[in-house]
2 protein chains.
Amino acid sequence: MTPPPTVAAIVVIFAIVDGELSVLLIHRTAPPEEGLWALPGARWDGSESLEEAAARTLEKETGARGLYLEQLFTVSGLDPAAPAVAVAYFALVDAEAVRLREEREWPPAWHRVASLPRLAFENNVVIEQALARVRAKLEYTNIAYGLLPERFTLRELHETYESILGRPLDRRNFRKRLLASEVVEATGERRREGAHRPALMYRFLKREPVFL
Amino acid sequence: MTPPPTVAAIVVIFAIVDGELSVLLIHRTAPPEEGLWALPGARWDGSESLEEAAARTLEKETGARGLYLEQLFTVSGLDPAAPAVAVAYFALVDAEAVRLREEREWPPAWHRVASLPRLAFENNVVIEQALARVRAKLEYTNIAYGLLPERFTLRELHETYESILGRPLDRRNFRKRLLASEVVEATGERRREGAHRPALMYRFLKREPVFL
DNA sequence: CCAAAAGTGTTAAAGCTACACCCATGG
DNA sequence: CCATGGGTGTAGCTTTAACACTTTTGG
C-alpha cells in the first residue's frame, strides 16, 4: 500500500545574462536538500493544467510572462521515500524584462549554464536535457524570439546564438541564412550607440513558434 | 480541496503489420468511454519507475520485450472530474515477435495508423505526436531496429521506412545512404524466396539507440 | 526463355563553409 | 584621421535528388 503520488511542475528558465546563457535557480533554505540550488517549481493540484502550473511558476519567479514555454519530459523517483513525479518544462525569457523576486526565503538568482554547481535532486540532468533541446531547436525554429526584446540588432541575435550553441558562428553566413529564412525583418530604425556605423534593427515576423 | 492526483503510463505501440504502420489499441468494455478504442496503459503507484510501468504495459500487451521505448510527453486534464496525468510513451516492436493477449475484456488489436477511428480521451492526438516523433527520428537515428527482426533484407528495411514516412524513397539513394551511415552490415546469408535473385540479409550493428 | 526482385553509378542542383575588405559613425 | 563595429560576395566542397539497365533465380 503506497501513498498517493505527488505531481509537480518544474521549469528551466533560460535567459542571456551579460552575454552568457543562464538559468534561474532558487536557493533551498529548508530540507530536503537544504543549502543546494534547485529549479523553481510548483506542486500540481489538478485545479489547472500542467502547462498553466508551469506558466504560473515562471511568472512568479520572473514577473515576466513567458514568451516560450515547452514541456521537456517527466521524471519519477526523485524522492525515494514517497512516490512523486516532476514534469519538467523549459522557458526562454528576455533578461531585461525580468524582475526577480526579492526574498530571503528561497531567493532566486541567475547562474551561467557553463558553470553550474551541483544541484538538488536530479536537476543537473534536467538542465542538460533542456539545453540540448534548445540547441537543437535553434537550428530549425525561430524560438530565439523568446530571449530577445521586440527590436534587436543582428549582432545581438548572433551573440545569442553563439551563447546557446557555445561555439562561434561565421558572421556573414549567419546573416545570410537568417535573412534568407524570413523569420526576421528589418524595421527602418537604426541604433546609434558608439563611435561606429549604426546597426539596423530587426524584429521577428512571428513571436510564436515557427518551424522552418 | 482537490483529491490526490492519479498518474498513469500509456504506451503507443507501433509495428509494421501487413506492410502498414499500425498501433496496438484496446477496446474499452467498461466506462468511461465504453465502446471506444484506446491506448493501453497502467496506473502508476510509485513502486517502480514510470519507464518500468510503461515497459510492463508493453510486455503485458505484446508478450514481447520492447526493443525501443521512449517517453513522449505528459498530458493532464483527461478526466474533468478528477485530477489525473498520463505520461505517454511510444514503443517499436517487431510484429512477428508479438503474441497478443486473447481476452474478452479489453481485447487488443492492431489498427492502421492511416485510418484510425475516434479514440477515447485525447488518444488521437497522442498518436499523432508519437508518429511525428518516430518520423523525425527515423532520419537521424537507427530506431528502425525496433521494428525489424534480427536479420532482414534491405527491401524490408526500405519498405519499413516508406510505411512510416508515408512516401516513396528512391531505392538506390536509400541503399547508398544507409550503407554509408554504417548502421547496418551484411551477414553472409542470402534469402531465396521466389523466382528471382536472392537478397542479401543485413543486421543492425547496434540494437540500441544510436544518433548519426 | 520469361517474370520478378536484386543490385549498381553518374550527373546536376542546392546548400554549406571558409574567407577579407569597405562603410559609417563619434570622438 | 583613427578606432570601432556594420555590412557585403564568391569559390570550392559536400550533400542531395533524379534517373535505367544488368544480374540472378525459379518455374
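Residue numbers start from 1 in every chain, and the chains themselves are labelled A, B, ... in the order their sequence lines are given, proteins ahead of strands.
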Measure from NE2 on B:H158 to C1' on C:dA6 and round the result to the nearest Å. 13 Å
Compare every heavy atom of B:I127 with every heavy atom of B:V12, then report the nearest pair and how far apart it is. CG1-CG1, 4.2 Å
Rounded to whole Å, please give me the gap between CE in B:M201 and C1' in C:dG7. 16 Å
Presence of salt bridge, B:R56 and B:E52, under 4.0 angstrom: no
Select base, sugar-phosphate, or nothing to describe what B:L154 touches, counting heavy atoms under 4.0 Å on all strands. nothing
Evaluate the ring planes of A:Y140 and A:F211, with Trp represented by its six-membered ring, and classify them as parallel (under 30°), tilted (30 to 60°) or perpendicular (over 60°). tilted
Rounded distance (nearest 0.5 Å) linking atom CG of B:L148 with atom OG1 of B:T160: 4.0 Å
Starting at CG of A:L212 and ending at P of C:dG15, how long is that distance when rounded to a whole Å? 14 Å
For B:Y202 and C:dA6, what is the distance between atoms OH and P respectively, to the nearest whole Å? 11 Å
A:F121 and A:R28: which non-hydrogen atoms are nearest, and at how many Å? CE1-NH1, 3.8 Å
What is the separation between atom CZ on B:R175 and atom P on D:dA17, rounded to the nearest whole Å? 18 Å
Quick one, give me the B/S/- string for nucleotides 19-26 of chain D, reading 5' to 3', where B means a protein heavy atom under 4.0 Å from the base and S means that only happens at the primed atoms, P, OP1 or OP2. BB--BBBB
Result for side-chain contact (heavy atoms from CB on, under 4.5 Å) between B:R175 and one of B:L157, B:L154, B:D170, B:L169 points to B:L154
When rounded to whole Å, the CZ to P distance for the pair A:F174 and D:dG9 reads 18 Å
What's the shortest heavy-atom distance between A:Q71 and B:T74, and which atoms? OE1-N, 2.6 Å
How many whole angstroms separate atom CG of B:L178 from atom P of D:dT16? 13 Å
Check every strand shown and say whether B:R177 touches a base, only sugar-phosphate, or nothing at a heavy-atom separation below 4.0 Å. nothing
Does C:dA6 have OP1 or OP2 under 4.0 Å away from a side-chain N or O of B:R155? yes
In this structure, how many angstroms lie between the C1' atom of D:dT16 and the CZ atom of B:R167, rounded? 12 Å
